[in-house]
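Below: one structure, written as structure tokens.
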Amino acid sequence: MTNPTGLAILVSTPDVAHPEQCVTPLIHAIAARALDVEVEVHFSGTAIRFLVDGVAKQLFPTSEKEKSIHEFLHDAAETGVGLLACSMAKESWVGKNETLIPECKGIVGATSFIVRALDPAWRTLTF
């Protein structure tokens, strides 16, 4: 068995009504990058709304509002985490006049996450 070199994280349950739920997967992603692991965070379902430009800047995980969800997304991207949007979720939950944040590195299908899950060199987490 090969040593794992990558971590794919699926973020599907958190939504903008509960921004505090989005921080944990991002912290795990940043921690994995600190260990020199290649990391992808796949946003699916309503969680894709976190990647819509302007949305995450207004969301905070705590009542103190010391750091927005967008700042966490930016920090993750700065460490080399690949933030990816699900194509089906984009079609369903992102408006025609909306754009995704520049930190989003691409739009992928569900198969992309499944490929990672089946690859012995990758591990997966779901939130």
Side-chain angles (χ1 to χ4, degrees):
M1 185 162 166
T2 60
N3 289 329
T5 58
L7 175 65
I9 300 173
L10 178 63
V11 179
S12 61
T13 305
D15 66 31
V16 295
H18 297 283
E20 69 279 2
Q21 295 175 349
C22 188
V23 174
T24 300
L26 296 173
I27 295 298
H28 280 78
I30 292 168
R33 283 298 302 137
L35 298 171
D36 291 326
V37 174
E38 184 179 352
V39 181
E40 298 174 348
V41 180
H42 298 245
F43 287 82
S44 69
T46 58
I48 197 172
R49 296 291 306 160
F50 289 109
L51 298 181
V52 173
D53 198 20
V55 172
K57 287 181 180 179
Q58 301 172 29
L59 301 173
F60 297 85
T62 65
S63 59
E64 289 82 26
K65 297 185 177 185
E66 70 281 359
K67 189 171 183 176
S68 72
I69 296 299
H70 184 263
E71 290 174 283
F72 282 100
L73 290 164
H74 181 78
D75 290 350
E78 283 289 305
T79 67
V81 171
L83 303 175
L84 302 169
C86 170
S87 58
M88 289 175 60
K90 184 177 183 293
E91 189 65 31
S92 297
W93 297 102
V94 178
K96 298 287 183 208
N97 296 324
E98 293 181 310
T99 59
L100 300 181
I101 59 175
E103 291 86 354
C104 180
K105 293 303 175 205
I107 299 167
V108 297
T111 305
S112 180
F113 183 79
I114 299 302
V115 166
R116 293 300 193 207
L118 296 174
D119 187 333
W122 284 70
R123 298 294 183 263
T124 57
L125 295 172
T126 59
F127 290 88

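What you see is a predicted model; the values in this text were computed from it and never measured. The figures that follow rest on heavy atoms only: side chains count, while hydrogens, waters and symmetry mates do not.
For Glu98, the side chain to side chain donor-acceptor pair (under 3.5 Å) criterion is met by Arg49, not counting sequence neighbours. The side-chain contact (heavy atoms from CB on, under 4.5 Å) test applied to Thr62 returns Glu64, Glu66, not counting sequence neighbours. Phe113 meets the ring pair (Phe, Tyr, Trp, His ring centres under 6.0 Å) test with His42; sequence neighbours excluded. The side chain to side chain donor-acceptor pair (under 3.5 Å) search around Thr126 returns none, not counting sequence neighbours. In this view, Glu71 and Ser68 satisfy the side chain to side chain donor-acceptor pair (under 3.5 Å) rule, not counting sequence neighbours. Under the salt bridge (Lys or Arg N to Asp or Glu O under 4.0 Å) criterion, Glu38 pairs with no residue at all, not counting sequence neighbours. With sequence neighbours left out, the side-chain contact (heavy atoms from CB on, under 4.5 Å) criterion links Glu91 to Lys96. Partners of Lys67 according to the side chain to side chain donor-acceptor pair (under 3.5 Å) rule, which considers only residues two or more places apart in sequence or in another chain, are Asp75.
Nearest heavy atoms, Cys104 versus Leu51: SG-CD1, 4.1 Å. Contact record, Ile69 with Cys22: CG2-SG, 4.2 Å, taken as the closest heavy-atom pair. Listed here is the closest heavy atom pair of Ala85 and Ile48: CB-CD1, 3.7 Å. A pairwise comparison of heavy atoms in Leu26 and Ala76 identifies CD2-CB, 4.4 Å as the closest pair.
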> Would Leu73 and Phe43 satisfy side chain to side chain contact (heavy atoms under 4.5 Å, CB included), going step by step from the backbone distance to the final call?
Replying inline: CA-CA 12 Å; Leu73 290 164; Phe43 287 82; 3.8 Å; yes
> Val52 and Ile101: side chain to side chain contact (heavy atoms under 4.5 Å, CB included), yes or no, with the steps?
Replying inline: CA-CA 6 Å; Val52 173; Ile101 59 175; over 6 Å; no
> Checking side chain to side chain contact (heavy atoms under 4.5 Å, CB included) for the pair Glu20/Val23: CA distance, chi angles, key distance, verdict?
Replying inline: CA-CA 6 Å; Glu20 69 279 2; Val23 174; 5.7 Å; no
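Both Val39 and Ile107 are members of a single hydrophobic cluster when ILVMFWY side chains are connected at heavy-atom separations under 4.5 Å. The hydrophobic cluster containing Val11 also contains Ile27, counting ILVMFWY residues as joined when their side-chain heavy atoms lie under 4.5 angstrom apart, directly or transitively. Leu10 and Leu83 end up in different hydrophobic clusters when Ile, Leu, Val, Met, Phe, Trp and Tyr side chains are linked at under 4.5 Å.
Taking Ile, Leu, Val, Met, Phe, Trp and Tyr as members and joining any whose side-chain heavy atoms lie under 4.5 Å apart, directly or through other members, the hydrophobic cluster of Val108 also contains Leu84.
The distance from the CD1 atom of Ile9 to the CZ atom of Arg123 is 14.0 Å, given to the nearest 0.5 Å. Between atom OG1 of residue Thr124 and atom CG of residue Leu7 there is a gap of 8.0 Å, rounded to the nearest 0.5 Å.
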Distance-only check: which donor-acceptor pairs under 3.5 Å involve side-chain atoms of residues 29-37, not counting sequence neighbours?
| from | atom 1 | to | atom 2 | distance (Å) |
| --- | --- | --- | --- | --- |
| Arg33 | NE | Thr79 | O | 2.8 |
| Arg33 | NH1 | Val37 | O | 2.8 |
| Arg33 | NH2 | Thr79 | O | 3.4 |

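For residues 44-99, there are no ring pair (Phe, Tyr, Trp, His ring centres under 6.0 Å) pairs, not counting sequence neighbours. Applying the side-chain hydrogen bond (donor to acceptor under 3.5 Å, both in side chains) rule to pairs touching residues 5-14 yields nothing, sequence neighbours excluded.
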